[in-house]
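Chain A is the first sequence line, chain B the second, and so forth, proteins listed ahead of strands; every chain is numbered from 1. Keep in mind that the numbers below use all heavy atoms, side chains included, and drop hydrogens, waters and symmetry copies. In this text, all values refer to a predicted model and were calculated from it rather than measured experimentally.
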There are 2 protein chains.
Amino acid sequence: MVDTTWRPASADPELACPIAPVVDIVFSRWTTPILWALHEYGRQRFVELERRIGAITPKVLTQRLRRLERDGMVTRTYHAEVPPRVEYEITALGRSLAPLFAGLAEWGAAHLDEVRGARDAYDADPARPRP
Amino acid sequence: MVDTTWRPASADPELACPIAPVVDIVFSRWTTPILWALHEYGRQRFVELERRIGAITPKVLTQRLRRLERDGMVTRTYHAEVPPRVEYEITALGRSLAPLFAGLAEWGAAHLDEVRGARDAYDADPARPRP
DNA sequence: CGGTATCCTTTACGATACTG
DNA sequence: CAGTATCGTAAAGGATACCG
């Protein structure tokens, strides 16, 4: 008789990888720089963040901040003045990522050159598949 | 006289955030599970990876593996047999991420519940902006 | 100042079929 | 087995303009 109750780990997708959910929350093109800026420079207004991060547009900055707020990584404080003032601050939950961010920065400093070298070597070989 | 040589850090975009380049290389929906699988279970064939990761399609798996190979994180070894056999293995460069991955897994175990709680609280408030 | 509103492009990802 | 080809979807992001 065949056991039909068994399922491969693959049946529930990438949850076999325990860090996939963390990646989904913290690591995207703009969320990481936003969290970094809030951690490095403390509580900031919308326009300060915008200027510090640079190329981001207000639309995208708002979207990312809203999601970070929803996930408990950031708080938003509205001051009803004229002109209006809104301040964003990283939460304790957000700050708990700091050692990991530091580790990633260190990894980058130590290994990014090697990645670039691998890339150049790969691209230099005409036999390699190209997108 | 005005110094026109000065530029705000924002002039070169998110490079103000030292981990942005690392994020670009390592953290996307599928690259992280792929690296995790290769690190946890060692050298594997294409179909083994495919089955272990689960929901990924062969097209996407190929795309991600190619990029990881180009970035020096993974090696691809082709054996001309019938049927053909291809083995993927994580490199020393890829393995150097292991402590960081472990740290992220630990962070998830410790804080994912808090994130879910924050989400629920946010969603429960009808006054919150919705997408 | 702190956003929204529109419109557009790019990119990842997904479904399905097919091949050396 | 290890992919490739071709289609389509959806989300992220970008450009620009406008508003309370």
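A salt bridge is defined here as a Lys NZ or Arg NE, NH1 or NH2 lying under 4.0 Å from an Asp or Glu carboxylate O, and A/Glu114 with A/Arg116 fails to meet this definition. Look at A/Arg128 and A/Asp123 and you find no salt bridge, because none of the NZ, NE, NH1 or NH2 atoms lies under 4.0 Å from a carboxylate O. Salt bridge status for A/Glu87 with A/Arg85: present, with a side-chain N to carboxylate O gap under 4.0 Å.
In this structure, the CZ atom of A/Arg51 is 6 Å from the P atom of C/dC1, given to the nearest Å. Rounded to whole Å, atom P of D/dG3 lies 17 Å from atom CZ of A/Arg130. When the P atom of D/dA2 is taken as reference, atom CD of B/Glu87 falls 9 Å away, rounded to whole Å. Straight-line distance from the CG atom of B/Leu61 to the P atom of D/dG3: 8 Å, rounded to whole Å. The distance between atom CD1 of B/Ile25 and atom P of C/dA12, rounded to the nearest whole Å, is 14 Å. The CD atom of B/Glu50 sits 13 Å away from the P atom of C/dG14 (whole-angstrom rounding). The interatomic distance linking B/His79 (NE2) with D/dA2 (C1') rounds to 13 Å, in whole Å. Rounded to whole Å, the distance from CD1 on A/Ile56 to P on D/dG14 is 8 Å.
The A/Arg76 side chain lies nearest to C/dG2 when the options are D/dC1, C/dC13, C/dG2. If you check D/dG3, D/dG14, C/dG3 against the side chain of A/Val60, the one that comes closest is D/dG14. Nearest nucleotide to the A/Thr57 side chain, out of D/dG14, C/dC1, D/dC1: D/dG14.
Remark: B/Arg66 is in phosphate contact with D/dT4, judged by side-chain N or O atoms under 4.0 Å from OP1 or OP2. Regarding contacts with the backbone of D/dA10, every side-chain N or O of B/Arg29 stays at 4.0 angstrom or more from both OP1 and OP2. Within the 4.0 Å cut-off from OP1 or OP2 of D/dC1, not a single side-chain nitrogen or oxygen of B/Arg45 is found. Close to D/dG3, at under 4.0 Å from its OP1 or OP2, lies a side-chain N or O of B/Tyr88. At least one side-chain nitrogen or oxygen of A/Trp30 sits closer than 4.0 Å to the OP1 or OP2 atom of D/dG14. In this model, the phosphate group of D/dA11 is not approached by any side-chain N or O of A/Arg67 to a distance below 4.0 Å at OP1 or OP2. Distances shown here put every side-chain N or O of A/Arg64 at or beyond 4.0 Å from the OP1 or OP2 atom of C/dG3.
Judged by atom type and distance alone, A/Lys59 reaches the base of D/dG14 through a side-chain donor-acceptor pair under 3.5 Å.
Within a 6.0 Å sphere centred on CD of A/Glu89, other residues, nucleotides and ligands contribute more than 12 heavy atoms.
In terms of modelled atom types and a separation under 3.5 Å, the side chain of A/Thr91 and the main chain of A/Thr75 share no donor-acceptor contact.
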